[in-house]
Protein chains: 2
Amino acid sequence: MSRHKPSAVPPPGVRERLLDTADQLFYKEGVRAVGIDRVLAEADAAKASLYLHFGCKDELIAAHVERRVAGARSQIEAYLHDTPPGERALRFFDWVVDWVKSPDFRGCPLQHIVAEISDPKHPARLAAARQREWLHARFLEWARAAGAADPGATAGALLVLFDGAVAASEQDGPQRARNARWVAGQLLSR
Amino acid sequence: MSRHKPSAVPPPGVRERLLDTADQLFYKEGVRAVGIDRVLAEADAAKASLYLHFGCKDELIAAHVERRVAGARSQIEAYLHDTPPGERALRFFDWVVDWVKSPDFRGCPLQHIVAEISDPKHPARLAAARQREWLHARFLEWARAAGAADPGATAGALLVLFDGAVAASEQDGPQRARNARWVAGQLLSR
DNA sequence: ATAAATACAGACAGGTCTGTCTACTTCCGG
DNA sequence: CCGGAAGTAGACAGACCTGTCTGTATTTAT
């Protein structure tokens, strides 16, 4: 299907195109601020395609969250791949420091979803909750590997620091991620 | 003006009633999820009154944020009134621990506004930014009073911990505020 | 009692939203 | 070539949204 640019690589299917576009717009402006007509116009796709691939807007929103979650997981895993387990907790905050400096950084997609969608049963909220569990499991694993005296409390603290780094960076600027990394370093060197 | 309940205390004026209602609904469900007709119906007020007292919805949203900000400031100030300056930083986190346990707790209104309204020039965003500055000034003052070696870094760290406590409590539950308080304690006892 | 201030009920306009649907087009493989 | 798969353009319905406006009702102060 050659649309506008003839290239050696076939353009993504319409589902991918819709999800890419929605993902970017939703993250940039918010899931409620962006209506489906906007997504359609910018993805250059037809309404029937959207409803064929995603049953409704809420499903598109959930797919956006799943996309963000999968992206973060693979980035984190790649970033820490060569880091010894005992050093991963602190090294994670290097990743955060990098992330908040990226040009399209606008805070935490999970925090945004929780703000915009108050119903905890919404599919996007369920996807967000699953990522919380994943993160908690990672922090617990890393706290143990780092030899923390109380891995449970340390994991909780690391989650708080992560959330705070992201939320505060969104509002005050990227230096807040360095503040968080510093605190994590103090905490983990005890 | 006796509307439905004859009482010794006159009912609030319609402006107050509208703002009370909007404040609660906006915090509970989000500023975009709640339309003005919902506010009107629950406040039992007329549309002309809303537009007389608040020029437009955006002004009502900004008034909601100002209300939340003023409420938080007065609570914090009252809570710390009898606390020696050197102990205020940590005592503040006791306030956070209490707040996240309140029945209507749903996270940080500032974080919600930042998520829902991407335009930094929006009056609600400006109100939120002013509160960030106030908070930073308080933390800096308290870090100095606590004798922190680096009050600037400590103030930044405390802001991160505050944001993290609130965001993580919203998503995981109130134990996260206790995690944050513990970290603040470690940090301030150095 | 009367006038002014305050608030009300609700129609209206125009736009936007989400989702449903039909007829048509394009591409690809047999 | 032909049929099926995938995608398109866009009309439509109904609901909801924000803001404008008019006439009416209620309360308060003189």
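In what follows, chains are A, B, ... by sequence order, proteins preceding strands, each numbered from 1.
- To the nearest angstrom, C1' of C:dT22 lies 15 Å from CG of A:Leu52.
- Remark: P of D:dG7 and CG of A:Asp44 are 13 Å apart, rounded to the nearest angstrom.
- If you measure from atom CG of B:Leu18 to atom C1' of D:dT18, you get 15 Å, rounded to the nearest angstrom.
- Checking D:dG10, D:dA9, C:dA11 against every side-chain atom of A:Lys47, the shortest atom distance belongs to D:dG10.
- Whole-Å rounding puts the B:Arg17 CZ to C:dT6 P distance at 15 Å.
- When the P atom of D:dA9 is taken as reference, atom CG of A:Leu50 falls 13 Å away, rounded to whole Å.
- Screening residues 37-77 of chain B for ring pair (Phe, Tyr, Trp, His ring centres under 6.0 Å), with sequence neighbours left out, gives B:Phe26-B:His64.
- Taken to the nearest 0.5 Å, the CD atom of A:Gln175 stands 11.5 Å off from the NZ atom of A:Lys101.
- Not one side-chain nitrogen or oxygen of A:Ser49 sits closer than 4.0 Å to the OP1 or OP2 atom of D:dG7.
- The listed nucleotides are D:dC21, C:dA7, D:dT8; the one nearest the side chain of A:Ala48 is D:dT8.
- Screening A:Leu40, A:Leu52, A:Asp23 for a side-chain contact (heavy atoms from CB on, under 4.5 Å) with A:Leu18, the sole residue that qualifies is A:Leu40.
- Between B:His53 and the phosphate of C:dA7, there is a side-chain N or O to OP1/OP2 separation shorter than 4.0 Å.
- Cation-pi geometry between A:Arg68 and A:Tyr27 is satisfied (NZ or CZ under 6.0 Å from the ring centre, within 45° of the ring normal).
- In this structure, B:Pro109 and B:His112 have side chains that are not in contact, with every pair of non-hydrogen atoms separated by 4.5 Å or more.
- Taken from CG in B:Leu158 to CG in B:Leu135, the straight-line distance is 11.0 Å, to the nearest 0.5 Å.
- Rounded to a whole Å, the CZ atom of A:Phe54 is 15 Å from the P atom of D:dA6.
- Shown for residues 27-39 of chain B: residues whose heavy atoms fall under 4.0 angstrom of DNA chain D, namely B:Gly35, B:Ile36, B:Asp37.
- Separating the OH atom of A:Tyr51 from the P atom of D:dG10 is a distance of 18 Å, rounded to the nearest angstrom.
- With a 6.0 Å cutoff to the six-membered ring centre and a 45° limit on the axis angle, B:Arg130 does not count as a cation-pi contact of B:Trp134.
- Taking atom NZ of residue A:Lys57 and atom P of nucleotide C:dG19, one finds them 8 Å apart after rounding to whole Å.
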